[in-house]
Every structure is written in structure tokens, then in C-alpha cells.
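So the structure is just underneath, and the comments pick up after that.
Bear in mind the structure is a predicted one, so any value in this text is a computation, not a measurement.
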Amino acid sequence: MTWNLIRWFWKMNLNSFKESSDKAKTTLIISGVAIGFAVLFFSGIVFSVASTLPEELLSNILSLSFLSLFAFLILFAVPQVFTKLYGDDDLTLLFTLPLKSTHIYWAKFTQVFLGIPGLILAASLVLLTMFGLGARANIFYYPFAYFTAILVVLMGLGIAYLLNLLLIQMIPSHRAKELMTVITAFAGVLGYVAFQIPTMMSRGGGEESMLIPELPQWLPLYWAGESVSHLLLGDVRGETVLFSGLLAGLTFAVLYLSSMLVDKGFRTGWIQMNESRSNRKKKKASSAVFKVRTPIIEVGLKEWRTIKRDMREWTMLIPMTFFMFFPIFSIMIRDGNMEFLQTVPALSWISLQAIALGLFSFMTSTFTSGSVAREGSSIDLLRVLPLKGIEVAVGKLWIHWLILFGFIGILQIISAFIFGWSPFHTVAGWLLIGLTGLGSSAIGLYFGAIGAKFNHKNPQNRLETGTSFILLFVAMGYVLIQVIPFGLTLLPASELVFLLGDESSGFFMMIVQWIIGLKSSMPIIVTVIGLALNLFIAAITVWVALTFTAKEIDRGITIHVVKE
């Protein structure tokens, strides 16, 4: 029966692709080609690295590679598993049929495995093949490496299912609709912690910190890397069989444990997600006096009320929180780093301002881009309301930018206490990052107007796939253009003169040294020029993006509504 369900899912997905629009097919093909080129690019890097890598580092490199595979899998698979377990519309039919929950569960497991985890597995197999060719591995390496990669993927997928099946039982029924936020948070934490394990394991300074860290021997990814490295070198021993057996045993144990939770976590969880909310107490309407405000203010407040009442809307902020907090945490746990940065606050300040600039720009563009699709079926009201397109655009822009501007301010204050920044530097960095982020927020608003997608079950995904890729590159280009004016304005040259003696040949260090030298000779003039360039680029970007967005709104925006 499970096999029949798998065949049915396959035919259903195939028919869905055939019936999809030409735009969706084109986007999927372009995305596939882009992923293919990325895999080929990294394949060349892997081949060249493997051909020159010392034998004593093979185990560490392979262990870190399997760790990266596991981290990517957790990061992308956990939310997808949640959707397949509790969000698919075919479950309404499947649970009424005389089928066991385990049959549906394993069919859904196979469906998920052939999705994003399958793509990650295929890419990892290509990279493992190129690694073996570069290292001149024997013929037995390839099937063993492929088998190990499959075990790592299955183990990661099993953990993703365990997380979903356990969390659905811990969340109160009236909060079940917001479980996606919790699931995404868990995926982000686990994925990022997995990436940070090598950093946490490598302590000390000097040459010791430059060595490739070795994973702890109790970690399953260490077993995978160690056993594959033995096959690569043709040195099969008892440890090879032991590590491989332990990895296989742990993988099947995780899968078996997840299958034991099917009845209570799958069927019951689905009922909890879809049960009626009629027994909720209705809130009494407040008798507050209504105050008429300008259209721009009212549009922004309407957006704020929508965001505030649905916890799932805040999912987009989770990655920003992780990638702002964990770099600080990684610095603090390294021996000697915290003491050094506290003696030179200017270095920690400008480094974290650079991190905050990139993350704030990316997050404002992504966060604001979802504001248009949030209108859903009520988008047609914009055509009949006595509002100009520019008023709607500015109203959506200011509230999304203000939310993240306050968020980045809180992170700045926390960092100031940790690293001992002065109030002036803290406020100066916060204001300039905020002003720069206006441009990226306007860019996101425009792309949200031309590629809006609405799915009430998945509010954090409000852009067409192709549009989101283009937005990523445009936002990245905007940040790169702003880097030099940003550095000319904020870089504390007088406190970082010691970096001029660094003989590093890196391109980034050359730019930093050039700015320090230039600003040391003319500090006021360079600061004014940098600030003027920064504000000019941001103002031009905001004006162009808002102008085009207003035209799209006046013309009439089309939102792709995902069918239930």
C-alpha cells in the first residue's frame, strides 16, 4: 500500500508540473540550471583541493563535509517536513481512507526525500565523486562514500521528522497554527549550531587556531568522515567497520523511533492543526476613539496590525537573530579573542557594523517584499480606494523599515554592553545602517510588487522563486556599492592605524588599509564625502524603487494565489 501511495504522489506531482504555468516552468528550469552551475563550480574547487591535500587532513575535511551536509539538510528539511505532515491538502482525503497512519507516513517520507533532501544528496554525491577523483581514490571508495552520504541524509531526515512529531505534542492546541514559527526557529538553531561546531572545537591562538579542527569522536559525522577516509587511503581496519556500523545503526534507530511516534504525532497532530477554533473566546471590541490620520500613516498602521496578530509573520526575523547572535557568541568562546576585542573596541565595533549592514540590508529587503502579497485576495481594494500608488508604497515602506530599525537598535545596545562601545559610536553605527537599509527596503518592496505570491499556510514565503533569486542578487549588489562609502564614513582610522602594518595580501584588507590611510590624512573631509555618497546612493535607490512600485500599484498588481 505504501508503494501505491508513492506512485500516486509521483503522478500527482508530475501532473501538477505539466499543468503549471509557463512562468512557473521557466522559473523552475532557470533555478535548476543555476544550481547545476553552482555544483559544477564547487566541483572544480573540491577537485583542486583534494589533489593537494595532505593525507593526515583527509579525515578532518571529510568529517566537516558531512557536517555541512547534515547542517544544510536540517536547515531546509525541517520546515518542508512540517508542511508535508500537517499542511498538505491531500491529508484530508488520505485520513478518510482505510489506510494505516504508518503507510501514509512512509509515503510522505519518500516524497520529502525526493524533494530538497534529494537535491542536497545528489549535489553531495557529485562533490564526493570529484573529491575521490582529485585524491586518486581506489574504486571501493565511491560506493562506500555514496552509501555513507545516504545514511547521513536519512539520519538528518529522521531527526527532522522527530522534531516535528515531538513539537506538535508540546504546543497548545490554540497555538498549533503558529508551530511553523517554532519549527523554523529549531531548524535555524540546529543548522547554525552544526556550522559552528568546528569553531567551538578550535580554541587558542596563533598557528593552533589556523589548523582544521577535528570533530569530537562521539559525533556521528566524525564516524562518517573517518570511515570514508580509510577507504580513500585503502587502509581498511576494524575502526572502519565499527564506525560505519555505528552510523548505520544510529540512522535506522532514528528512523524506527520516528515511526513509533506516527499515530500520536502525525494523525493527532494533523487534527490539532485543523480543528475548529469556535470554542475560543472572542475579544470584546474596544471603545477607543478613532482618529483620522494621513493615508501613509494609516497604511503603515494597517500593516503593523496584520503583522502583530499573526506570530508566523515574525518568522523572517529568525535568521537575522541567529546570524547576529552566533558570530558574537563564537567570538566570545574563543580563547583570547574577547580580551583582545575589549582592549580595541574600535575593531569589534566596525566589524559588527559591517556584519549588521549586510544582514540588515538583506532582511529589510526580504521582510518588506512580503508586504504586497500579504494583501491576498483584497489586493483589488487598492484599485478602488482613493489612494495613490506612491501613498501605498511609502506606507508599506516606513513601517517595515521601522520594525527592523528598532530590532537592529536593540542588538546594537546589547553589543555595546558586551564590547564596551561608547554611546556615540553605538548611535552613529545604528543610524547609518538604518539609513542605508532604506534603499534595500525599497528594493524589496518593488520586487514584492512584481513577483507576489500568497499562501495563507506559509506566510514567510511571499515571493515567486525566480523573483526571490533576483532580489537576492540585487540586494547583494546594493550592499557592495554601499560598502566603500560606509567604510569612509564609519571606519575609525585613528584607532586602527596598527592595521597598516599588516602585510596581508587579501583584497578586503587592501581596501581597509587604503581607507585607513586616506582617512588618517583627511579625516573630516573623507567622513563628509563618505556620508554624502552613502545618503545619495540610498536616496536615489529609494526614489527609483518607490517610483516603479507606485506605477505597478496604479497599474494593478497581480498576486499568484497558491491553490489549497
Could you state the interatomic distance from [atom1] ([X]) to [atom2] ([Y]), rounded to the nearest 0.5 Å?
X: Gln412; Y: Phe407; atom1: CD; atom2: CZ; answer: 11.5 Å
X: Leu357; Y: Leu352; atom1: CG; atom2: CG; answer: 12.5 Å
X: Glu303; Y: Ile307; atom1: CD; atom2: CD1; answer: 6.0 Å
X: Ile433; Y: Leu404; atom1: CD1; atom2: CG; answer: 12.5 Å
X: Leu69; Y: Leu64; atom1: CG; atom2: CG; answer: 12.5 Å
X: His400; Y: Thr366; atom1: NE2; atom2: OG1; answer: 11.5 Å

Walk me through whether Phe131 and Leu62 qualify under side-chain contact (heavy atoms from CB on, under 4.5 Å). CA-CA 9 Å; Phe131 190 88; Leu62 286 169; 3.9 Å; yes
I need the minimum non-hydrogen distance between [X] and [Y], along with the two atoms involved.
X: Leu221; Y: Val152; answer: CD1-CG1, 4.0 Å
X: Gly530; Y: Leu488; answer: CA-CB, 3.8 Å
X: Leu387; Y: Pro295; answer: CD2-CB, 3.4 Å
X: Lys388; Y: Asp554; answer: C-OD1, 4.0 Å
X: Gly389; Y: Ile553; answer: O-CD1, 3.7 Å
X: Val112; Y: Pro117; answer: O-CD, 3.2 Å

Give the intermediate values and the outcome of side-chain contact (heavy atoms from CB on, under 4.5 Å) for residues Lys453 and Ile559. CA-CA 5 Å; Lys453 180 174 68 174; Ile559 297 178; 5.8 Å; no
For residues [X] and [Y], determine if any side-chain heavy atom of one lies less than 4.5 Å from a side-chain heavy atom of the other.
X: Leu546; Y: Tyr446; value: no
X: Gln353; Y: Phe486; value: yes
X: Leu531; Y: Leu432; value: yes
X: Ser415; Y: Trp421; value: yes
X: Leu533; Y: Gln482; value: no
X: Ser369; Y: Leu471; value: yes
X: Glu464; Y: Ile450; value: no
X: Leu445; Y: Lys396; value: yes

Go through it in stages, so that I can follow the logic: the residues are Phe42 and Val126, the test is side-chain contact (heavy atoms from CB on, under 4.5 Å), and I'd like the CA-CA distance, side-chain angles, deciding distance and then a yes or no. CA-CA 10 Å; Phe42 285 108; Val126 173; over 6 Å; no
For a side-chain hydrogen bond (donor to acceptor under 3.5 Å, both in side chains) with Thr436, tell me which candidate from Asn534, Thr541, Thr364 qualifies. Asn534
Within the distance-only criterion (no hydrogens, no angle test), does the side chain of [X] pair as donor or acceptor with the backbone N or O of [Y] below 3.5 angstrom?
X: Trp304; Y: Ile403; answer: no
X: Thr368; Y: Ser365; answer: no
X: Ser441; Y: Leu438; answer: no

Using 30° and 60° as the class limits, which term best fits the ring planes of His425 and Trp349: parallel, tilted or perpendicular? perpendicular
Looking at Glu552 and Arg555, is any side-chain nitrogen of the basic one under 4.0 Å from a carboxylate oxygen of the acidic one? yes
Ion pair check, Arg462 and Glu375, cut-off under 4.0 Å: no
When you check the side-chain N and O atoms of Thr527 and Thr489, is any donor under 3.5 Å from an acceptor? no
Give a yes or no on whether Ile524 atom CD1 has more than 12 heavy-atom contacts from other residues, nucleotides or ligands under 6.0 Å away. no
So, for Trp401 and Phe367, is the gap between ring centers shorter than 6.0 Å? no
Going through the distances and angles, do Glu391 and Val299 end up as a side-chain contact (heavy atoms from CB on, under 4.5 Å)? CA-CA 8 Å; Glu391 293 175 333; Val299 170; over 6 Å; no
